[in-house]
Amino acid sequence: MFDIDKFIQCIQNNNAIREMGSKEYSDKHLKLKSWMDIGNTMYLDWNELEKNGKDERVK
């Protein structure tokens, strides 16, 4: 089951995703890394998944 509270915490703790006025928000590489970190936090097997497996998980 997806933990929505944990997901919200991850977003709230990440300026690259949450804070449009921040320097981090404008950095597309940092933003991608932040989303990958969140994926890793939310799914224990995130790093073992292929790209299409990750895409399926986040749909």
Side-chain angles (χ1 to χ4, degrees):
M1 185 167 180
F2 189 79
D3 187 344
I4 192 72
D5 293 325
K6 184 177 180 180
F7 181 70
I8 290 170
Q9 269 307 96
C10 288
I11 300 297
Q12 289 176 339
N13 293 333
N14 196 312
N15 281 346
I17 295 170
R18 179 185 57 84
E19 190 62 44
M20 288 177 63
S22 74
K23 173 177 76 169
E24 295 92 354
Y25 188 85
S26 301
D27 185 336
K28 67 179 181 179
H29 300 291
L30 182 58
K31 195 178 294 188
L32 177 59
K33 182 187 178 316
S34 296
W35 279 117
M36 295 305 254
D37 290 344
I38 290 172
N40 193 42
T41 300
M42 297 304 298
Y43 301 104
L44 297 176
D45 62 346
W46 185 255
N47 289 327
E48 287 80 43
L49 293 173
E50 298 289 329
K51 182 182 179 335
N52 61 348
K54 291 177 181 178
D55 291 345
E56 286 298 316
R57 288 272 174 95
V58 298
K59 284 185 180 178

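These numbers come from a predicted model, not from an experiment.
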Can you list every ring pair (Phe, Tyr, Trp, His ring centres under 6.0 Å) pair that touches residues 5-42, not counting sequence neighbours? F2-F7
L30 vs K23, side-chain contact (heavy atoms from CB on, under 4.5 Å): CA-CA, chis, key distance, verdict: CA-CA 10 Å; L30 182 58; K23 173 177 76 169; over 6 Å; no
Applying side chain to side chain contact (heavy atoms under 4.5 Å, CB included), can you list everything that pairs with [X], at least two apart in sequence or on another chain?
X: E19; value: N15, S22
X: D5; value: D3
X: L44; value: none
X: L32; value: M36

Roughly how far, to the nearest 0.5 Å, is the [atom2] atom of [Y] from the [atom1] atom of [X]?
X: I8; Y: N13; atom1: CD1; atom2: CG; answer: 11.5 Å
X: K51; Y: E56; atom1: NZ; atom2: CD; answer: 10.5 Å
X: L49; Y: K54; atom1: CG; atom2: NZ; answer: 6.5 Å

Does E48 CD have over 12 foreign heavy atoms under 6.0 Å away? yes
Looking at residues at least two apart in the chain, or sitting in another chain, which of them share a salt bridge (Lys or Arg N to Asp or Glu O under 4.0 Å) with K33? D37
Quick one: do M42 and I17 end up in the same hydrophobic cluster if we chain Ile, Leu, Val, Met, Phe, Trp and Tyr together by side-chain heavy atoms under 4.5 Å apart? yes
Is any NZ, NE, NH1 or NH2 atom of the basic residue among K59 and D55 found under 4.0 Å from an Asp or Glu carboxylate oxygen of the other? no
